[in-house]
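Working notes, beginning with the structure itself.
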Amino acid sequence: MTLMKNILSRRAFTSLAGAAVFATMMPMTSFAADVTIPIIVKDTTSFYWQIVLAGARAAGKDLGVNVPELGAQSESDINGQITILENAVAGAPAAVVISPTEFKALGKPIDEAAKAVPIIGIDSGADSKAFTSFLTTDNVQGGRIAADGLAAAIKEATGKEEGEIAIITSLPGVGSLDQRHEGFVEVIAAKYPGLKVVADKYADGQATTGLNMMTDLITANPNLVGVFASNLIMAQGVGQAIAENKLGDKIKVIGFDSDEKTVGFLKEGVLAGLVVQDPYRMGYDGIKTALAASKKEKVEANVDTGANLVTKANMADPKIDALLNPKVN
């Protein structure tokens, strides 16, 4: 993979959100390539998905492929993503890379799309067996990593792996989030009987809702010692509630994915850890795999792109730093 020359600050990169939104309406045209492979993400405005798009953009440049960057402006816009997929396929691309917003709802649209072009899935699954290849974090394992990380943080703070904990999930019915939930509760039940899940909440994909849910949990559960916030948006909201109430020492939070805000929370001790994926690789290898599939080359059916627990203690390690500060255009 060709490395980009500059590392933008998170603040500068986040400012590109407006450009990403524009890309939902108008494909990139800077390439003279005859091969077009659109990438469709869940939400063009969030830092996580901008990193995915950056990886895809780099692959397009390296491979000489035109890569329209498409997606809705909210992970909850399921119908919007279906329409984007249908329109993309109607343009007769060589292949399509997509991260489905919702497991059930995207199943049939992906089945239909795959009748026309190879479909490469990234990040989240769908109720379909039509993917030519699927590249994602092992989200069940990601949930397990979060459970072990939360137990360790609670033990470090209290001297024991005991107490009341909560789970806050961004949206119901999202394959990757359901799998993280599965892995988390599996490990808590099997390894940490002293930790009791007293609240298991589903939000609406908005950070403000996560903030309000966490604020309510603080009031309703004075003995709460830990929380798993299973995606970036919920980690932002939960972290904000912890920061406002100055409870970082008492309530340990493990989030998922990273941006400037959550990394700041980690440095300040508001969050105890973040399970970090490799979204840049998902985007890059998604396009690379799609190009191979379009040429009818053999590709792996399933590719695990990896996950790591980031804490204040290891965030300066070169491998971790590369995940927190991806190299982008």
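Source: prediction; values computed, not measured. Atom set for the values below is all heavy atoms of this structure, side chains included, hydrogens, waters and symmetry mates excluded.
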Backbone N/O of [Y] and side chain of [X]: donor-acceptor pair under 3.5 Å:
| X | Y | value |
| --- | --- | --- |
| Q81 | T101 | yes |
| Q206 | T208 | no |
| Q50 | T45 | yes |
| T137 | A307 | no |
| K160 | K155 | no |
| S230 | L177 | no |
| D304 | D138 | yes |
| N221 | L224 | no |
| S99 | I122 | yes |
| N314 | T311 | yes |

Roughly how far, to the nearest 0.5 Å, is [atom2] of [Y] from [atom1] of [X]?
| X | Y | atom1 | atom2 | value |
| --- | --- | --- | --- | --- |
| S133 | K298 | OG | NZ | 12.0 Å |
| M213 | M234 | CE | CE | 7.5 Å |
| Y284 | L63 | OH | CG | 5.0 Å |
| I233 | I168 | CD1 | CD1 | 13.5 Å |
| L323 | S258 | CG | OG | 8.0 Å |
| E156 | K252 | CD | NZ | 7.0 Å |

Looking at every heavy atom in both [X] and [Y], which two are closest together, and how far apart are they?
| X | Y | answer |
| --- | --- | --- |
| V299 | A293 | CG1-N, 4.1 Å |
| A94 | V117 | O-CB, 4.4 Å |
| S128 | I110 | OG-CG2, 3.6 Å |
| A88 | I40 | CB-CD1, 4.2 Å |
| I242 | G248 | CG2-N, 3.5 Å |
| P100 | F131 | CG-CZ, 4.1 Å |

Is there a continuous path of hydrophobic side-chain contacts, each under 4.5 Å between heavy atoms, that joins [X] to [Y]?
| X | Y | answer |
| --- | --- | --- |
| V253 | I165 | no |
| L106 | I84 | yes |
| I251 | L274 | yes |
| L150 | L217 | no |
| L266 | F228 | no |

Is there a side-chain contact between [X] and [Y] in this structure, where contact means two heavy atoms from C-beta onward sitting under 4.5 Å apart?
| X | Y | value |
| --- | --- | --- |
| I145 | V187 | no |
| L211 | V238 | no |
| L291 | I37 | yes |
| T44 | E69 | no |
| S176 | N139 | yes |
| E164 | L195 | no |
| Y202 | I167 | no |
| L171 | V174 | yes |

Taking the cut-offs as 6.0 angstrom to the six-membered ring centre and 45 degrees off its axis, would you call R180 and F256 a cation-pi pair?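 Checked: cation-pi criterion met.
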
Given Q236 and F265, is the side chain to side chain contact (heavy atoms under 4.5 Å, CB included) satisfied, shown in steps? CA-CA 9 Å; Q236 292 170 345; F265 282 153; 5.5 Å; no

Before giving the answer on side chain to side chain contact (heavy atoms under 4.5 Å, CB included), spell out for M315 and K267 the whole-Å C-alpha distance, their side-chain angles and the decisive distance to 0.1 Å. CA-CA 9 Å; M315 64 191 303; K267 291 177 179 177; 3.6 Å; yes

Run D216 and K201 through salt bridge (charged side-chain N to carboxylate O under 4.0 Å, His left out) and show every step you take. CA-CA 11 Å; D216 291 344; K201 303 287 187 180; over 6 Å; no

Ion pair D127/K108, N-O distance below 4.0 Å: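 Between K108 and D127 there is no salt bridge, as every charged N stays at least 4.0 Å from the carboxylate O atoms.
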
Is D123 paired with K42 through a side-chain N to carboxylate O contact shorter than 4.0 Å?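 Looking at D123 together with K42, the answer is yes, because their closest N to O distance falls below 4.0 Å.
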
Run the numbers on D43 and S74 for side-chain hydrogen bond (donor to acceptor under 3.5 Å, both in side chains), then give the verdict. CA-CA 5 Å; D43 171 6; S74 169; 5.9 Å; no

Among D257, I320, V310, T262, find the residue that satisfies the side chain to side chain contact (heavy atoms under 4.5 Å, CB included) test when tested with V276.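 Per the side chain to side chain contact (heavy atoms under 4.5 Å, CB included) rule, the option paired with V276 is V310, out of D257, I320, V310, T262.
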
Which of these, V96, I98, L135, I39, sits in a side chain to side chain contact (heavy atoms under 4.5 Å, CB included) with I120? L135

Got a sec: does the CD of E300 have more than 12 other heavy atoms crowding it under 6.0 Å? no

For a quick check under 3.5 Å, do Y192 and D148 share a side-chain donor-acceptor pair by atom type?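 Indeed, the side chains of Y192 and D148 share at least one donor-acceptor pair under 3.5 Å.
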
Under a plain distance cut-off of 3.5 Å, with no hydrogens placed, do Q240 and E244 share a side-chain donor-acceptor pair? yes

Could you walk me through whether M214 and N245 pass the side chain to side chain contact (heavy atoms under 4.5 Å, CB included) check? CA-CA 10 Å; M214 189 64 225; N245 289 276; over 6 Å; no

